[in-house]
Amino acid sequence: MFNHYDVIVVGAGHAGCEAAAAAANMGSKVLLVTMNMQTIAQMSCNPAMGGIAKGQIVREIDALGGYSGIVSDNSALQFRMLNRSKGAAMWSPRTQNDRARFAEEWRLMLEQTPNIDFWQDNVSSLIIKNNKVEGVVTGMGLSISCGAVIITSGTFLNGVIHIGEKQFGGGRTGEKASHGITEQLVSLGFEAGRMKTGTPPRIDGRSLDYTKMEVQHGDEQPSKFSFSYTKPLTHQLPCHITYTNPIVHEILRSGFDKSPMYQGRILGNGPRYCPSIEDKVSRFAERDRHQLFVEPEGWKTVEIYVNGFSSSLPEEVQQKALVNIPGFEHAKMFRPGYAIEYDYFPPTQLQLTLETKEIQGLYFAGQINGTTGYEEAACQGLMAGINAHLKLNEKEPFVLDRSEAYIGVLIDDLVTKGTDEPYRMFTSRAEYRILLRQDNADTRLTPLGFKIGLASTERLKRVEEKVKQVNDLVSFIKSESISPEEINEALLSKDSAKISQKVKMFGVLARPNIDLMVFKEHIPRIAEVFENYEDDELEQAEILVKYEGYIQKEKDLVEKQYRLESLVLHDDFDYTRLTSLGAEAREKLQKVRPKTIGQASRISGITPSDISILMVYLGR
């Protein structure tokens, strides 16, 4: 079994699963090594996928040929499209998921993927010769050779769990930490650091009074993540919303003297955008309440996830605070919340392919790179798996530009800027977010996925048909004329000005409060035409028409940026020789070693004058 593998993936979380699937589906022989076969694709924190910007990432993974979108659809409890009240660039899909079914679906898909073998063991060290990885050594003492290793260790590298004054080793509750890899890599010259994350208590849903909470239903017409054969939900479970109050805050403060965060026992930085409840109470002392989302864990379990109540306070303080929350008066905990510290490696030590600069054939993906979130981890795993396979087969690397995908923004941010706190994706991080919408992830990326051998021919044909349909529909909208008698009544009902003569349909659609449904509901001949199109085709055509000017403006900006991205900087360039650059610029350029002038311009601390000097040196 252990003669030789093309790719060994260490860890079977979201990053590891996508890495293994991608490399295997492209033709590599893959070994997926995990410490526990029963926790493959475990949703360690909240039972949900997607959300603001994260939903776009899941759709991008799916468009390229990854599995996260399919698994999310097949295990969904509820679907919501967030930010519908805002512009289309902000729309973000999110599912509430059945935790057990999510993991089961992932395992089934991996087991049905040819070229993947599994092995339950931990990896204690890497086999490295002449700055090239050649295999791994497991806890059982097995030496397994390979062409590339992808480390997706999550929170397991020297993980320490904190609950009040108690602390113990572990990568997740009930699971042991992993030791050895950090120490070896540091001895080889890698820089390592510590980060922290946390999770809330899990509650017995039978002990809650939902009548005292706000109900949060899914969309009336739910969509889905995957552009493939998956089906939207026909039945959904509701979530609920409740709030903390001053009494809860006072009880939480009473435990601060035993808090590992406030007593200095936690040294790693925590996620800025997902703070613990004690952090929220401390940092936002002027607020008398904080919102909590009460989320079901599955179709057939009473276990409840309390989103917004992450905590590392003593369990008795957590319990005392919980029973003072409306609807939680008789709440019973299944287990308390906790914080976890773990090792990570600053991602400026990586190339844009996620291969390390120090060791050939060694790739990092997920929380080891300083990110937080299933979606961020999954897309890194996908890209690492793709690039490991391509390199072993002596093919060009696959790197997505910032204008092509949120995945490109994520990886460029990590490699170019680094991070000293858990990185989370937001729409605001993408300067071309009008181009990077959730609705067009397939048209943007499936042709690229097909070209590298990951997305199927069937997927490509679906996209080509969709593009044709959308283009036909846009042409129809731009050429069709609408008369006053057909549309004026509908316009008045929408508080929109009447028209006095025939006008092109797209002119009316460009109005802020008018959508295609207005034409469909009030003009029978238009409704008849729309019957020939799918809902997603109608949606995309409407977006392309309504935001045409903004879309073109961003495309123009992309063209300007491409000029900088086309100016290549060689890996062996010695920036210390450019004495006209400041000391900080020389140091950072020497450390990051950007591939292009464009990437150099995004390094923190690099000024426009520094870029001008580089341009002069290149004769530009």
Side-chain angles (χ1 to χ4, degrees), residues 43-52 54-55 72-73 75-85 92-102 198-223 232-249 251-252 273-278 280-281 284 287-311 313 315 318-337 373-374:
M43 297 182 112
S44 305
C45 203
N46 60 320
M49 287 291 284
I52 296 172
K54 292 167 174 276
S72 298
D73 288 344
S75 60
L77 302 171
Q78 184 191 97
F79 181 94
R80 292 178 67 218
M81 185 68 76
L82 307 182
N83 283 338
R84 272 287 190 183
S85 62
S92 302
R94 182 184 189 273
T95 54
Q96 198 69 39
N97 293 85
D98 185 310
R99 187 187 297 276
R101 283 184 66 178
F102 184 92
T199 192
R202 306 302 197 270
I203 307 298
D204 185 339
R206 297 170 298 181
S207 65
L208 300 181
D209 184 354
Y210 294 103
T211 63
K212 296 183 178 180
M213 308 180 202
E214 301 170 21
V215 182
Q216 187 180 51
H217 294 292
D219 290 349
E220 285 187 19
Q221 294 182 310
S223 184
L233 287 166
T234 55
H235 172 61
Q236 303 183 72
L237 282 184
C239 295
H240 291 79
I241 297 173
T242 187
Y243 298 87
T244 61
N245 53 59
I247 295 173
V248 172
H249 297 177
I251 293 169
L252 292 169
Y273 302 104
C274 189
S276 65
I277 187 64
E278 53 263 39
K280 285 189 276 191
V281 168
F284 307 105
R287 295 186 60 178
D288 59 6
R289 70 176 194 170
H290 293 283
Q291 193 174 51
L292 302 176
F293 295 92
V294 183
E295 300 176 342
E297 295 258 353
W299 292 107
K300 297 180 180 179
T301 180
V302 297
E303 189 170 352
I304 295 296
Y305 180 92
V306 191
N307 194 337
F309 203 86
S310 174
S311 179
L313 290 170
E315 59 268 37
Q318 294 185 40
Q319 175 67 31
K320 189 176 179 182
L322 280 169
V323 296
N324 282 278
I325 295 170
F328 280 66
E329 291 83 0
H330 304 288
K332 296 179 182 178
M333 276 199 295
F334 281 164
R335 63 176 170 86
Y374 307 144

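Worth saying up front: this structure is predicted, and the values here are computed from it rather than measured.
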Heavy-atom distance under 4.5 Å between the side chains of [X] and [Y], does that happen here?
X      : Y      : answer
Thr242 : Lys212 : no
His240 : Val215 : yes
Asn46  : Tyr374 : yes
Phe284 : His249 : no
Gln78  : Glu295 : no

Pairwise distance [atom1]([X]) to [atom2]([Y]) - rounded to 0.5 angstrom:
X      : Y      : atom1 : atom2 : result
Thr244 : Ile247 : OG1   : CD1   : 11.0 Å
Gln319 : Met333 : CD    : CE    : 4.5 Å
Phe102 : Met49  : CZ    : CE    : 4.5 Å
Gln291 : Asn307 : CD    : CG    : 9.5 Å
Leu292 : Tyr243 : CG    : OH    : 9.5 Å
Leu313 : Ile251 : CG    : CD1   : 11.5 Å

Short side-chain to backbone donor-acceptor contact, [X] and [Y], under 3.5 Å:
X      : Y      : answer
Asn97  : Ser72  : yes
Arg289 : Arg287 : no
Gln236 : His217 : no
Asp204 : Lys332 : no

Testing the 3.5 Å rule here: is there a donor-acceptor pair between the side chains of Ser92 and Asn83?
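Checked: Ser92/Asn83 side chains show no N/O donor-acceptor pair below 3.5 Å.
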Which pair of heavy atoms, one from [X] and one from [Y], lies closest together, and at what distance?
X      : Y      : result
Glu297 : Leu77  : C-CD1, 4.3 Å
Phe79  : Ser223 : CD2-N, 3.4 Å
Phe309 : Leu252 : CZ-CD2, 4.2 Å
Asn245 : Pro326 : ND2-CD, 4.0 Å
Pro336 : Glu315 : CB-CB, 3.8 Å
Arg94  : Leu82  : CD-CD1, 4.1 Å

**Report entry** Over 12 foreign heavy atoms within 6.0 Å of NZ, Lys280
**Finding:**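 It does: Lys280 NZ has more than 12 such atoms within range.
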Review point. Around Arg335, counting heavy atoms of other residues, nucleotides and ligands shown, do more than 12 lie under 6.0 Å from its CZ?
Key: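 Yes, the 6.0 Å shell around CZ holds more than 12 heavy atoms from other groups.
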As a quick check of understanding, evaluate side-chain contact (heavy atoms from CB on, under 4.5 Å) for Asp219 and Arg80, giving each step before the final call. CA-CA 5 Å; Asp219 290 349; Arg80 292 178 67 218; 4.0 Å; yes
| task | Check side-chain contact (heavy atoms from CB on, under 4.5 Å) between Ala331 and all other residues, then give those that pass, not counting sequence neighbours. | result |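 Applying side-chain contact (heavy atoms from CB on, under 4.5 Å) to Ala331 gives Ile203, Ser207, Leu208, Phe328.
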Between Tyr305 and the options Cys45, Pro201, Pro296, Cys239, the side-chain contact (heavy atoms from CB on, under 4.5 Å) test singles out Cys45
Sorted by chain and residue number, the side-chain hydrogen bond (donor to acceptor under 3.5 Å, both in side chains) partners of Ser311 (sequence neighbours excluded) come out as Glu278
